[in-house]
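These notes are about the structure you will find just below.
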There are 2 protein chains.
Amino acid sequence: MAKDVARPSTEVVGQEASATQKAYLALRRMIVVGELQPGEKLKIDRLRSELNTGASPIREALSLLTSDLLVERLDQRGFRAAPTSHENFVEILTLRCELEEMALRQSILNADEAWEDALVLAHHKMAREGRDDPEQFEERHKTFHMALLSNCASPILMKFCSQLYDLNIRYRYLAGNALNYQQRDVSTEHAAILEAAVDRNADLAAERLLSHYHQTGAFLNGLFTMKDPEG
Amino acid sequence: MAKDVARPSTEVVGQEASATQKAYLALRRMIVVGELQPGEKLKIDRLRSELNTGASPIREALSLLTSDLLVERLDQRGFRAAPTSHENFVEILTLRCELEEMALRQSILNADEAWEDALVLAHHKMAREGRDDPEQFEERHKTFHMALLSNCASPILMKFCSQLYDLNIRYRYLAGNALNYQQRDVSTEHAAILEAAVDRNADLAAERLLSHYHQTGAFLNGLFTMKDPEG
DNA sequence: GTCTTGGGTAATATCGATTTTTCGGGCAAT
DNA sequence: ATTGCCCGAAAAATCGATATTACCCAAGAC
């Protein structure tokens, strides 16, 4: 599924994924990391030449990103990167907490060995391979958090959580990137969440997960309001 | 100015909608009411001639419907209407209850006169104009339910609820259409929900809303398992 | 008789070009 | 001097066509 992450390079290998898929992944990455800034007009022609592809794949990729709330469609006037705002940030954080708590509790309720194993594995990979490459860490980090929820037996809820995760990560990049984020001792928090989850203690796991998000949220919130571009 | 974002929706269909917009609305309706059956292959050419438009608008509309979970994209084999299943139905019902309760409580917490007025109006329109035209009733019914949630100050949550609403309505059409549904005395239930909402009694309103959904759900569930097409 | 292989058919993904719409500057009228 | 209108340029939406890909059926081999 997430085997070959699209690189920003101009290299085009047409045999693996469809042009639309490649454009989708590339554009999503560019928006999430801030290469395409909030509110920026997304001109088809420019993106077309930048990604070395046709107009149709770009259009289709932008349509798909619309549903991820990363791109907005202006009727008859093309597309633009979704704008950001303080309210939007708070909304995402709040929703994320509520939906993930729901999913986590359900996951733990359905707990079985396979899930437990996958969880431990995801945590291990994040802790180990993440030290060197920050980009790898981001990937593993999302995998770990999704693994926590993956046993909730609700694909739709998972989709919502995944979307909100990406939206949130975008704010993290925008606030100033993941460097200062990693200064906080998130490893300890992750380990604590994992522990509670494998112990099948739903209350404790939920409490720790929410605390994790609230701390990250408060941290970013501070940065955001400090350099609020809206005034 | 910066607010006129045109996302395809059930709302106002401008006289000069784009071909994509028209195709999106038409296809969505066809899937929701079952003209296009679950799992059915959606051939571009056929739809193109059926809707009198080009291939590009169809493709783009199908892409948008993918994010509404009404259409699935098969890797390089085109599109098909999302399949249905008992699990999927239960999942939608469960999620809907949880998210709508969340939104309703927040809505009531933020209650003000404007919201109250809009709510009463929506209920009145549903009760009055809905008697004659079943299709009108569906429209008003959704408007009323969304009005209940609309004050939650969370556009994303609203979007989720709206999506789940459409997915649920699809099952209602598939189970055999809205006729037998209206036999139950839903008017009374709606009135009761409205009453609790305008009284700003969150607990009571939530209880009544969920009861409303659970009854409808159980009703459809019975029909569904009885004539389960999957066997 | 069943499995494999090869060709034919149909549908999709993509591209290039055309048409329609929008945006911005400049000119005229008040 | 300001406001409203018009025209040129640019961008987006759509259309028609092509090449690639997957699917299906038949023929031959084991």
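Basis for what follows: all heavy atoms, side chains included, without hydrogens, waters or symmetry-related copies. Here is the naming used below: chain letters follow the sequence lines, and residue numbers restart at 1 for every chain.
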So, using ring-ring contact (aromatic ring centres under 6.0 Å, His included) as the criterion, who are the partners of B:F160 when residues are at least two apart?
A:F160

What class does the angle between the rings of A:F144 and A:H190 fall in, given that below 30° is parallel, 30 to 60° is tilted and above 60° is perpendicular?
perpendicular

Would you call the rings of A:H141 and A:H145 parallel, tilted or perpendicular, where under 30° means parallel and over 60° means perpendicular?
perpendicular

Looking at [options], which one has an atom nearest to any side-chain atom of [X]?
| X | options | result |
| --- | --- | --- |
| A:A19 | C:dT14, C:dC15, D:dC15 | C:dT14 |
| B:R77 | D:dC23, D:dC15, C:dC15 | D:dC23 |
| B:T53 | C:dT22, C:dA13, D:dC15 | D:dC15 |
| A:P57 | C:dC15, C:dA13, C:dT22 | C:dC15 |

Ordered by number, residues from residues 39-49 of chain B within less than 4.0 Å of DNA chain C (heavy atoms) are B:K41, B:L42, B:K43, B:I44

Can you tell me how far the CE atom of B:M30 sits from the CD atom of B:E35, to the nearest 0.5 Å?
5.0 Å

Under 4.0 Å: is that the gap between some side-chain N or O of B:T20 and OP1 or OP2 of D:dA13?
no

[X] has an atom [atom1]; how far is it from atom [atom2] of [N], in whole Å?
| X | N | atom1 | atom2 | result |
| --- | --- | --- | --- | --- |
| B:N52 | D:dC15 | CG | C1' | 14 Å |
| A:D75 | D:dA12 | CG | C1' | 11 Å |
| A:Q76 | D:dT14 | CD | C1' | 11 Å |
| A:L62 | D:dT14 | CG | P | 14 Å |
| A:I58 | D:dT14 | CD1 | P | 17 Å |
| A:K22 | C:dT14 | NZ | C1' | 12 Å |
| A:R59 | C:dC15 | CZ | C1' | 14 Å |
| B:Q21 | D:dA12 | CD | P | 18 Å |

Run the salt-bridge test on [X] and [Y] with the 4.0 Å N-O cut-off and return the result as yes or no.
| X | Y | value |
| --- | --- | --- |
| A:E135 | A:R29 | no |
| A:R46 | A:E40 | yes |
| B:D68 | B:R28 | no |

